[in-house]
Amino acid sequence: MYALADCNNFFVSCERVFNPALNGRPVIVLSNNDGCAVSRSNEAKALGIGMGVPLFQVKDIVRKYKIAVLSSNYALYGDMSKRVHATLRQLAPAIEIYSIDEAFLDLRGLEHEDLGAFARRASALCLKNTGIPVSIGVAPTKTLAKVASKWCKNRPPMKGGYFLNSQEERERILRVTPVEDIWGIGRRFAKKLYENNVTTAWDFTQIPGEWVQKKMSITGWRTWKELQGEACIAFADHTPAKKQICVSRSFSKEIFDYEKLVEQVSLFTFMVCEKLRKQESVCSQAVVFVLTNRFKENVPQQVESRMVTFPVATSGTPEINQSVLRELSYLFRKGYGYKKAGVILSGILPRQAVQLHLYDTRDREKQDRLMQVMDEINTDMGPGTLSVATASTKGIRMSRQHLSPQYTTKWEDIPIVHCK
DNA sequence: TCTGGGGTCCTAGGACCC
DNA sequence: TCTGGGGTCCTAGGACCC
């Protein structure tokens with residue numbers, strides 16, 4: 001049996017923990033640059049604020065209903081996420097962190113317990129320990145656990161936990177679950193399924209497996225089998241190393257100036273190399289890409305990337321930075337307004353697996369020592385204390401006009417509580 | 001005016017090898 | 001007219017996730 005724990009309206013819930021005045025009110029949390037609504041309280045959902053809707057398109061509703069609007073505060077959400085995961089970890093033999101607001105639990109060994117009660121107890125404990133409401137579904141497969149978690153999400157009498165235990169329950173719930181709500185079925189396949197008169201999860205389980213395999217590939221077929229109760233998606237006990245690492249951002253305003261663009265892209269490179277070293281890896285390829293503002297018609301558009309390959313896999317910021325900036329110089333065009341840029345590292349290998357190169361002239365040992373010292377200083381004295389000279393020292397050009405304090409991670413932001 | 005960021009997996013097709 | 005067989009690796013594009 002598997003459990004899926006899913007935090008309700010996670011970003012909004014994090015904000016509410018530290019600002020209880022937000023309870024009972026419609027609240028939304030925005031994406032970077034205060035662009036789109038990416039987390040919504042139930043009240044905001046009820047007012048028709050869709051997932052991912054640009055703020056400017058709903059500003060009338062926001063004003064009319066006095067919706068509380070917040071910029072995203074990832075330092076806060078990341079820290080709260082860790083706390084929820086720490087609570088869950090105590091409850092089961094193994095945990096798989098699936099995303100910032102979701103985790104699977106392997107319930108092996110707990111078969112003889114009342115798993116419905118277990119789920120409700122786990123949910124209550126998360127709420128008590130962290131202040132975050134969590135919906136926990138238990139079922140024989142991951143996909144069904146997802147269904148079960150969604151099932152108890154907006155049904156308060158279920159107390160945040162549900163065990164999808166019998167064939168009858170499975171059929172009853174799948175019959176009222178729209179096919180597009182299934183984990184693994186996105187917009188495209190949902191459309192295709194509707195065209196074939198498949199509208200519910202139950203309908204989907206009733207179509208021939210060969211059809212699914214042919215039209216939706218092996219991944220769709222797994223989902224199909226998982227809904228029948230046959231587990232096909234393995235439990236991932238430990239987080240595997242990333243095969244690709246990316247840092248990219250949209251800018252609050254288009255950048256026309258080459259030097260300004262270099263500062264930003266260089267900062268992205270610095271950040272992405274830090275991530276790479278953190279997972280103790282090296283990379284053999286770097287891609288830099290730039291995008292103009294696709295929403296502005298009548299201005300010249302450019303969506304382009306360039307790749308560089310390293311003969312010896314590396315994680316050295318200066319080395320990667322140098323190559324990335326050289327490629328950027330080939331991409332840059334005067335008169336173009338760049339709205340977004342990013343750096344992707346791929347060809348990722350464990351640090352120990354580096355193949356040396358016969359004609360390598362770089363002192364790799366020295367470079368590694370330098371990076372180690374730089375990382376240590378930045379850990380001790382704060383991010384960005386040491387960087388590369390080409391990188392912006394003023395951070396990323398983003399706007400976050402509704403930012404809440406970093407209640408849990410930044411000393412100056414921790415509110416002072418006056419006791420009577 | 002304003003439109004997010006970071007990932008994974010699968011498949012088909014091309015380049016190349018002997 | 002007829003035009004080998006078997007394989008690997010890489011990439012782009014399409015699908016999905018939160």
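Lettering follows sequence order; numbering is per chain, from 1.
- A:Thr130 places no side-chain N or O within donor-acceptor distance of the main-chain N or O of A:Val84, the cut-off being under 3.5 Å.
- Residue A:Ile233 is out of contact with every strand shown, counting any heavy-atom pair closer than 4.0 Å.
- The distance between the ring centers of A:Tyr74 and A:Phe11 falls below 6.0 angstrom.
- DNA chain B is contacted by A:Phe295, A:Lys296 of residues 285-310 of chain A, taking any non-hydrogen atom closer than 4.0 Å.
- Between the CG atom of A:Leu331 and the OH atom of A:Tyr338 there is a distance of 7.0 Å, given to the nearest 0.5 Å.
- Note that OH of A:Tyr407 and CG of A:Asn73 are 8.5 Å apart. Values are rounded to the nearest 0.5 Å.
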**Complete:** For nucleotides 6-15 of chain B, 5' to 3', base contacts (B), sugar-phosphate-only contacts (S) and non-contacts (-) with protein non-hydrogen atoms under 4.0 Å give SSBSSS----
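- Nucleic acid contact for A:Glu102: sugar-phosphate only, since backbone atoms but no base atoms lie under 4.0 Å from a heavy atom of the residue.
- Within residues 332-340 of chain A, the residues having any heavy atom closer than 4.0 Å to DNA chain B are, in order of number, A:Lys339, A:Lys340.
- The ring of A:Trp183 has its center closer than 6.0 angstrom to the ring center of A:Tyr98.
- Not less than 6.0 angstrom separates the ring centroid of A:Phe189 from the ring centroid of A:Trp221.
- For the contact set between residues 34-44 of chain A and DNA chain B, defined by any heavy atom under 4.0 Å, the members are A:Gly35, A:Cys36.
- Remark: A:Asp380 CG to A:Thr385 OG1 distance equals 9.0 Å, nearest 0.5 Å.
- Using a 4.0 Å heavy-atom criterion, one finds that A:Leu30 contacts no nucleic acid atom at all.
- In this structure B:dC18 sits in a base pair with C:dG5, meeting the Watson-Crick or G-U test at under 3.5 Å.
- Remark: the backbone N or O of A:Val27 is paired with a side-chain donor or acceptor of A:Ser41 at under 3.5 angstrom.
- Within a heavy-atom distance below 4.0 Å of DNA chain B, no residue of residues 141-152 of chain A is found.
- Residues in residues 180-205 of chain A take part in these salt bridge (Lys or Arg N to Asp or Glu O under 4.0 Å) pairs, two or more places apart or across chains: A:Lys191-A:Glu195.
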